Amino acid sequence: MDQFRTLVVDDEEDFLVTLVNRLKKRDIDAAGVKSGEEALDLVKKKLYDVIIMDIKMPGGMDGIEALREIKKIQPLVEVILLTGHGSVESSIEGMKLGAFDYLMKPIKLEELIPKMAEAFEKKNSHEQKIRTARIKELMRSPLRVLNEP
Amino acid sequence: MDNSIVEEIDHRAALKKNVLLWSVCIAITPMILVSCIILYQFRISYHQRVNAHLEELVAKHRQDIDTFLKERLGNIQVLAGNFSFENMSNERFLQERLNILQQNYGPVFVDLGVINFEGFQVAYAGPYKLKHASYSDADWFKKAMANNSEYYKSDVFLGLRGVPHFIIAVRRTSGDKTWIVRATIDFVYFNSLVEKIRIGETGFAFILNNEGKFQTHAVHDVAPDKSPYRDFLKYNNAEKKEIHIVEHADASGSTSLYVASFLKHGDWMLVYQQKSSEAFADYRRAVSIAIVIVILGCVLILSTAIILTNKLVRLLTKIDREKEMMNEQIVETGKLASIGELAAGIAHEINNPVAIMVGEAGWIEDLLEEEEFQASENMNEFKRALKQIHIQGKRCKEITHKLLSFARKTGSRPQDINVNELIEELVDLSAQRAKFSNVTIVTDFKEDMPSICVSQSELQQVFLNLINNALDAMEKDGGDIRISTRTDGNRVVVVVADTGPGIPSAVLNRIFDPFFTTKPVGKGTGLGLSICYGIIKKMRGEIEVQSTVGVGTTFLVKIPLPED
């Protein structure tokens, strides 16, 4: 499996730390933040492949809001919603905003990591398609593409 | 006893009393009022009728008696006017005249006599030896001679013969001679004229003179010196021309009607009397019948009022109870909604710590993978414990997921539903309670059941209710619940059978009635099965029950498949 960059966003620090540690132990490049705002800051600085996002985070931006903002900055990043409170409305909204999947806590790592791998695959293939399209475009009209900012 | 219950009982008793009182008053008062007015009017008209009848009777008899006296006077006046003193003084001639009179009028005339101005009877024809009798001192002779009138009718007296009789005397004057023709009228015959005036048992008549002395026999005891006779005799001449009717009570308290009429120029008084009870017997009978009818009417009104009031109060009580139940049901529904929200909140609150627990267990597992721990002799025990944490964490997750799923399903929009899956879910939810009640839930599902198109939440409600009822019934002694599914033509059939105590046949046909419950007060609203019935009927299905006491109860739910 290719090494992929992962960000975990959850207000429950105990959960966050353990999950990040366990991912790191499996050689996954994982980082963790406790709020949507912190996640946004990081996303602006670094590219990620997969983000695991809690929905219900009291006191600030919730998971759905953070997803919407992150997708504006990094449209290709895949977000897996992971929540203890499953509501039909939030799951539908999350999927509409482009979330990769919607999972319920508690979840075993053996189930989560394959889901992350799928998300990473999807992101890769999406990037690949874009790249191919750009090459084809470059070959058709190189000047216009090169002049793009 | 609870204060509110005491107040409610008092309120119902007061309501019952008021309704009863008013309905009885409103119904009985007009009836009694109308009855009294009718009876009063009837009394007046009946009295008038009886009085008019008696007046007519007495007037007729007065006329008869007066006519009798006038005719007898006329007979004697003819004798005195047509024949001379000499002729009349001849006893043989006088006897012939008496015979002729007796032949014509019967034994009315007892005898005839001719008396000279000195009071000496010069001739006599009759059964007594009265020839040469002297009447110079007799009261009647003096009155006959002194009287301005030419005749005189005496009162009844005994006289020389010692037998009751009365005299008609006609005075004649021829030349210088004044003489009197005297006739004696038979008392028995005269008395019979009055005695025959009889009505009923107590109506009779008699004649009194001015002094209150009997001129005829009275059939019953009479005290002529007392009221009302004494009052009648005090009337003046003008008053004596009229007929008088009075009702008077005697010493014993019984009242009689007295009708008085005067004859012989006011000298005699014909009295008719009759007990009021007899005279007004028909009226009294009518009053008795009316009273009986009124009493019966009152009893009827009272009993009807009591029955209707009881029904009304029962109806009101039922309406109150239903209203109360509806309120409770609304509160209950509100509670259910709150429980749904609470369940969702709890699920979230539990899932997070469980996620941490499971995560930490996973972290321990990860760490144990490292070489330094592999040699630990408790490694197998660590692994078993961690596996257990994962299993129990998964179990928590399933429970909270079901809670969340149940709380979410509140809509009644029809959708395709697999009955087997729906029941399986409910059985899982009830598993814990069944375990505590020592009840085993067994399912026997037909595979490949076709979907039905109904509201999921409503169908859930029906089967959850049936399962809960079965669990309630077997709470004490435990047992089995067998849930099976099958298809029957174009219908899906679900059978929920328990081995509980069963339902007595007396109440079996009422279990779908709203508010009917056999559970203790406060335990059941009596709405569960009626709601189930309503839901299944709405789905155009059927719900049936079979039960045997001591064996168990079986509910059959039949729901039609979609038409296409």
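We name chains A, B, ... by the order of the sequence lines, and we start the count at 1 in each one. Quick caveat, the model's predicted, so the values are computed rather than measured.
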Least distance between heavy atoms, A:Glu12 atom then B:Ile356 atom: OE1-CD1, 3.4 Å
Taking A:Pro106's backbone N and O only, do any of them form a donor-acceptor pair with B:Lys397's side chain (distance below 3.5 Å, no angle check)?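 Indeed, once roles are kept as given, a pair shorter than 3.5 Å links the two residues.
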Should we count [atom1] of [X] as having more than 12 external heavy atoms under 6.0 Å?
{"X": "B:Tyr533", "atom1": "OH", "result": "no"}
{"X": "B:Arg482", "atom1": "CZ", "result": "no"}
{"X": "B:Lys394", "atom1": "NZ", "result": "no"}

Carboxylate-amine/guanidinium proximity below 4.0 Å for B:Glu370 and A:Lys25: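 Salt bridge flag = yes for A:Lys25 with B:Glu370.
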Name the option with the most non-hydrogen atom pairs under 4.5 Å to chain B; the candidates are A:Lys105, A:Arg22, A:Arg26, A:Lys108.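 Ranked by contacts with chain B, first place is A:Arg22.
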Between A:Asn21, A:Asp10, A:Val17, A:Leu19, the one whose heavy-atom pairs under 4.5 Å with chain B are most numerous: A:Asn21
Contacts of B:Glu381 that satisfy side-chain hydrogen bond (donor to acceptor under 3.5 Å, both in side chains) - sequence neighbours left out: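 Partners of B:Glu381 by the side-chain hydrogen bond (donor to acceptor under 3.5 Å, both in side chains) criterion, ordered by chain and then number, come out as B:Arg384.
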Rounded distance (nearest 0.5 Å) linking atom CG of B:Asp366 with atom OG1 of A:Thr18: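 One finds 10.0 Å between CG of B:Asp366 and OG1 of A:Thr18.
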Non-neighbouring partners of A:Phe100 that pass ring-ring contact (aromatic ring centres under 6.0 Å, His included), sequence neighbours left out: none
